[in-house]
2 protein chains.
Amino acid sequence: MGSQWGVNRSVAQVHALLYLAVDPMNAEQISDRLGIARSNVSNSLKELVAWRLIRRVPIAGDRREYFVAEVDVWEMALRIAQGRREREIDPAMSAISECVALAQDDRAIAPEVLQRLTEMQGFLDNTTRWYDQMRGVPKTQLIRLVGLGDKVIKLLNFAGGKRK
Amino acid sequence: MGSQWGVNRSVAQVHALLYLAVDPMNAEQISDRLGIARSNVSNSLKELVAWRLIRRVPIAGDRREYFVAEVDVWEMALRIAQGRREREIDPAMSAISECVALAQDDRAIAPEVLQRLTEMQGFLDNTTRWYDQMRGVPKTQLIRLVGLGDKVIKLLNFAGGKRK
DNA sequence: CCTATATTTCTGTTATAACAGAAATTACAG
DNA sequence: CTGTAATTTCTGTTATAACAGAAATATAGG
């Protein structure tokens with residue numbers, strides 16, 4: 001399915017294989033198993049390492065590099081979130097900051113346009129701040145928070161719309 | 001930037017244009033402004049309507065269809081989330097359910113593998129349940145919740161790791 | 001009901017990204 | 001050092017998706 005997700009098939013295949021593999025695997029094993037070129041495996045491994053979804057593990061008495069995947073699903077989700085943040089959100093924030101700066105100095109820009117750009121910027125600021133903070137909370141508490149679902153609203157004093 | 005995001009350039013361009021447009025625009029205006037083919041605009045508009053990021057608005061005395069974008073950034077984010085859920089998450093859940101079902105009946109599958117598949121399935125179940133519930137809470141409360149950031153943890157009785 | 005205009009669908013082309021295989025580089029053993 | 005095995009980088013090919021233009025369909029006005 002990875003092709004829909006923005007990662008190419010090879011990367012998704014290698015990740016899936018390592019995620020389900022009981023033992024560490026080396027590039028050749030992966031290449032043989034999936035029937036894709038070694039160079040392709042090499043690049044896929046590099047990308048997965050960059051995302052921190054897999055890591056190298058040394059095997060005593062073997063020169064080849066072996067890899068294992070992160071198997072904790074929450075940890076995996078956090079790392080994907082971090083990767084997407086760095087690759088997608090941060091550049092978007094830089095871009096929109098530039099846009100806002102340019103729009104402010106440009107008398108040809110309608111005020112509504114500047115306002116929408118600013119709102120977008122504010123949204124990105126708020127949500128990334130939220131993400132940064134949530135990233136710091138221990139996983140167990142994160143899991144419990146998700147488990148609560150919308151009950152958090154009632155547990156906080158949000159009921160009557162009153163400010164905290 | 002949209003090309004990185006999994007949407008093609010034309011769709012991203014049309015969306016950006018409509019998001020910043022002060023007045024509704026028709027297909028021809030969009031085509032002229034962006035310098036892309038009308039057919040391309042037509043398909044882009046269809047996709048954006050499907051994502052509910054833009055909507056048709058009738059202009060009295062004009063046969064052509066005009067479009068405006070959702071300008072509320074939170075609403076936009078919610079609709080993108082909903083779209084991704086339907087297009088990416090739901091199919092993934094179906095796929096993994098099939099995998100789990102097959103793996104359970106297959107004695108050749110190592111127990112660790114079945115366990116990992118099941119954990120993944122459980123994760124998706126939990127997070128989509130969370131999403132479904134959060135989707136229902138009023139936007140104002142959602143905004144305040146995000147504003148709290150990691151303070152929610154302290155406000156709930158999570159401190160000592162004690163169960164609710 | 002017919003005509004004009006808007007819109008969508010279809011088809012072919014082009015651009016882009018994925019991938020394979022070869023070449024080059026790196027790392028290690030002796 | 002030197003040779004060998006492993007890995008990465010480079011280059012060309014192939015597959016896929018984006019896009020343009022033409023054809024077809026639909027919609028409203030007369």
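Note on naming: letters A, B, ... go to the chains in the order of the sequence lines (proteins, then strands), and numbering restarts at 1 for each one.
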Report yes if at least one side-chain N or O of [X] is closer than 4.0 Å to OP1 or OP2 of [N]; otherwise report no.
| X | N | value |
| --- | --- | --- |
| A/K46 | D/dT7 | no |
| B/N8 | D/dA17 | no |
| A/R63 | C/dA27 | no |
| A/R38 | D/dT8 | no |
| A/R64 | D/dA5 | no |
| B/N43 | D/dC19 | no |

| task | Measure from the side chain of B/I36, starting at C-beta and using heavy atoms only, and say which of D/dA20, C/dT8, D/dC19 lies closest. | result |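 Selected nucleotide: D/dA20.
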| Can you tell which of C/dC19, D/dT8, D/dC19 lies closest to the side chain of A/S42? |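 Minimum distance to the A/S42 side chain belongs to D/dT8.
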| d(OH, B/Y66; C1', C/dA6) in whole Å |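 So the two atoms are 11 Å apart, to the nearest Å.
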| task | Select from A/G6 and A/S39 the residue whose nearest nucleotide in DNA chain C is closer to the 5' end of that strand. | result |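 Whichever sits nearer the 5' end wins; that is A/G6.
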| task | Using the side chain to side chain donor-acceptor pair (under 3.5 Å) rule, pick out the option among B/D132, B/D125, B/N126 that qualifies with B/R129. | result |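 That would be B/N126.
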| field | Residue that, paired with A/Q82, satisfies side chain to side chain donor-acceptor pair (under 3.5 Å) out of A/E86, A/R79, A/R85 | value |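 Result: among A/E86, A/R79, A/R85, A/E86 is the only option passing the side chain to side chain donor-acceptor pair (under 3.5 Å) with A/Q82.
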| field | Main-chain N/O of A/L114 paired with A/T118 side-chain donor or acceptor, under 3.5 Å | value |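 A pair under 3.5 Å: yes.
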